[in-house]
Amino acid sequence: MKVAIGSDHAGIELRKEIISMIEELGMQVEDVGCECDTSVDYPDYAIPVAEKVANGEADRGILICGTGIGMSIAANKVKGIRCALVHDLFSAKATRQHNDSNVLAMGERVIGPGLALEIAKVWLTTEYEGGRHGRRVDKISQYEGQ
């Protein structure tokens, strides 16, 4: 599996820890940044990660900002993206099983690194169930014109 990952200035430290965890899981990582302490615009990182997932350059994406909200809003503007803002383990598992989410957003200022690493691991290793959930996901894709 290849995972594209990006953050704004408020998510740099957590992004680095998640990259290490992804590599430990034996997955490939494409890091799109950022590498600065000064304020940057989250869409400049969310959209490239989402586009990589949407066009098949990456299987999944992870985005981190202060709250995860801005990143998730920006990512969900990209056709074919189902970005879930997650701050607990149950939601991480459910969004993969039921929504086939392909991008995960988290907030470094909202959760600590220990929980964030657990969330990312659960999200990366949980499979989509399909079945009755497929009908719902298909409705989203149909609305997008896919």
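- D44 places no side-chain N or O within 3.5 Å of a backbone atom of C34 that could act as its donor or acceptor partner.
- In this structure, E23 has no salt bridge (Lys or Arg N to Asp or Glu O under 4.0 Å) partners at least two apart in sequence or on a different chain.
- Two residues are said to be in side-chain contact when any heavy atoms from C-beta on lie closer than 4.5 Å; L104 and T95 fail this criterion.
- Across all non-hydrogen atoms, the minimal contact from A75 to V103 is CB-CG1, 4.5 Å.
- Heavy atoms only, all atoms of each residue included: C83 and N76 are closest at N-OD1, 2.8 Å.
- In this structure, R96 contributes its side chain and S101 its backbone to a donor-acceptor pair below 3.5 Å.
- In this view, A94 and F90 satisfy the side-chain contact (heavy atoms from CB on, under 4.5 Å) rule, not counting sequence neighbours.
- For residues 109-137, every residue pair satisfying the ring pair (Phe, Tyr, Trp, His ring centres under 6.0 Å) rule, not counting sequence neighbours, is listed here: H98-H133.
- Within the structure, salt bridge (charged side-chain N to carboxylate O under 4.0 Å, His left out) pairs that include any residue of residues 1-16 comprise K2-E30, R15-D31, R15-E35 (at least two apart or interchain).
- For the pair R82/N99, no side-chain contact is recorded, criterion being any heavy-atom separation below 4.5 Å from C-beta on.
- With a 4.5 Å cut-off on side-chain heavy atoms, D59 and M27 do not count as touching.
- Closest approach of G107 to H87, counting heavy atoms only: N-NE2, 3.0 Å.
- The heavy-atom pair separating D88 from I119 by the smallest distance is N-CD1, 3.5 Å.
- Applying the salt bridge (charged side-chain N to carboxylate O under 4.0 Å, His left out) rule to pairs touching residues 131-141 yields nothing, sequence neighbours excluded.
- The shortest distance between side-chain heavy atoms of I18 and V3 does not fall below 4.5 Å.
- The CE atom of M106 sits 12.5 Å away from the OG1 atom of T67 when rounded to the nearest 0.5 Å.
- Shortest non-hydrogen contact noted between I22 and Q28 is CG2-O, 4.1 Å.
- Listed by first then second residue, pairs satisfying salt bridge (charged side-chain N to carboxylate O under 4.0 Å, His left out) with a partner in residues 114-128 number zero, not counting sequence neighbours.
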